[in-house]
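When a ligand or atom number is given, it counts from 1 through the structure's own listing order.
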Amino acid sequence: MPVCVCRVRVNHDHLRHNLALLQATGKALMPVVKADAYGHGLTDVAATLAAGGVDHLAVGSVAEAVRLRRSGFGACIVALLGAVDDENRAAARAWDIVPLVHDWPGLSRLAETEAKAEKPLRVAVKCDTGMSRLGFAVEDMARVAQALAACPGLRADMLMSHLAVADEPEEDAYTRAQAARFGEAARALRAYFPQLRLSLGNTACLLTFPDLAGDLARPGLGLYGVNPLHGTSRAGAGAGLKPVMEVSAPVLAVRPLPAGRTLGYGRTYTALTDRLVAVVGIGYADGYRRGPAPATRICLRGVRAPVIGRVAMQMTCVDITELAAQGLDIRPGDEAFVLGGPGHAVTAWDLAEQWGTIPYEVICLLGKGRA
Ligand SMILES: *Cc1c(COP(=O)(O)O)cnc(C)c1O
């Protein structure tokens, strides 16, 4: 039995729809299922994607990759955080996982541990084209290629880099410059590894510049039905995506709050007139953030109602006075939707704007309620 009363549903029909929409770009995909598939559940999401024709997946840690293998995913898995220790390196070998190699110390250690292997371990080489996070400098790629070519235990299978601003149309020049540097790095590595496959684009790149995405695009957010281009001049490119995560919680109680009373911790809300309140069984322990969120809404019977007072650990209060005035008879046990659901649904972008964050964090947080 789950420990919380809230409920996270993952709509696999919508996941299939989004996959088909992204596949329609004509690019081969290596979907990103890191961080438990952005909170949607690693192994279930992987199974749906595999059934939809996906034969490459990118996870974060080697441990996630091993979990995928144990669940029966048989095709190529890349671990985007690389092999962080010898245990990871041994697991990559044992489970046929492609680790990312992004710096000289990591390359040297892998060359040592794999030196005596009978069959080369495939690696994904990461180069830094402008994110300044992980990756070899583009200028070093010729030396990286030579070093790898000199290691019989290793084989460069992929070249990767990550775009910093593909979701910001006004930053196109930066994205194009990153793609150009990626092309240079690819030439250097291909001189030694002609079979090398290239992987650059995330969802935003795939939707707007599929030509820059490389041989294997790496969409994450779009698969989960959130449009990374929301609010930009290119929002239309992702308009067909359908949200995959839906989060609800039961109404625990419906109570009058007489004028003059205060509600919840810190007495931050005072009823100016008589109000009707629904107490909903979700809180910050379930990833429903405590704030600051001046105008968060929860959807009951398809109609939005404002959250009032402080969000608590496992409870949140909603002012349903207006809903009752419209004739909606909200009762204990009714399902209150904090994300998605029927009617005028609250979206991941709505919550992100309320919480001062991005929809990626919203779905990762709320996905924890699946446990
Ligand atoms: C998370 C991630 C992606 C996916 O990006 P989206 O914006 O979710 O499509 C692609 N590549 C790397 C390296 C990532 O870390």
Provide, to 0.1 Å, the distance between [atom] and the closest protein heavy atom, together with that atom's residue and name.
atom	answer
atom 7 (O) of ligand 1	Tyr360 OH, 2.6 Å
atom 9 (O) of ligand 1	Thr203 OG1, 2.5 Å
atom 5 (O) of ligand 1	Asn202 CB, 3.5 Å
atom 15 (O) of ligand 1	Lys34 NZ, 2.6 Å

Hey, which atoms in ligand 1 end up nearer than 4.0 Å to a heavy atom of [X]?
X	value
Tyr38	1 (C), 4 (C), 5 (O), 6 (P), 8 (O)
Leu221	6 (P), 8 (O), 9 (O)
Pro219	9 (O)

Indicate yes or no: does Arg67 engage Asp36 in a salt bridge with an N to O separation below 4.0 Å.
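Salt bridge: yes.
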
### Message
For ligand 1, which is the ligand I care about here, please tell me if Gly220 has any N or O atom under 3.5 Å from one of the ligand's N or O atoms.
### Response
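Yes, at least one N or O pair falls under 3.5 Å.
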
Next on the checklist: Is the contact between Arg218 and ligand 1 made by the side chain, the backbone, both, or neither, using heavy atoms and a 4.0 Å cut-off?
Outcome noted: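 Both backbone and side chain of Arg218 come within 4.0 Å of ligand 1.
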
- prompt: Does the side chain of Thr43 come under 3.5 Å of the side chain of Ser71 through a donor N or O and an acceptor N or O?
  reply: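 Ser71 and Thr43 do not have a side-chain donor-acceptor pair below 3.5 Å.
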
(Q) Among Thr296, Val362, Leu365, Leu339, which residue satisfies the side chain to side chain contact (heavy atoms under 4.5 Å, CB included) criterion with Tyr288? (A)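 When Thr296, Val362, Leu365, Leu339 are each tested with Tyr288, the side chain to side chain contact (heavy atoms under 4.5 Å, CB included) holds only for Thr296.
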
Open item on the list: Check contact between Gly222 and ligand 1, using heavy atoms of the residue and a distance below 4.0 angstrom.
Closed with: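 Gly222: no contact with ligand 1 (<4.0 Å).
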
message: Quick one, Arg176 and Phe209 - any side-chain contact, counting heavy atoms below 4.5 Å?
response: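 Counting from C-beta outward, Arg176 and Phe209 do come under 4.5 Å.
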
**Flag side-chain contact, heavy atom, 4.5 Å: Pro99 against Leu110** =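 SC-SC contact between Pro99 and Leu110 confirmed.
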
Rounded to the nearest 0.5 Å, what separation is found between the CZ atom of Phe193 and the CZ atom of Arg122?
->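 Going from the CZ atom of Phe193 to the CZ atom of Arg122 covers 13.5 Å.
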
Q) In terms of hydrophobic clustering (I, L, V, M, F, W, Y; side-chain heavy atoms under 4.5 Å; direct or indirect links), are Val346 and Val8 co-clustered? A)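 Val346 clusters together with Val8.
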
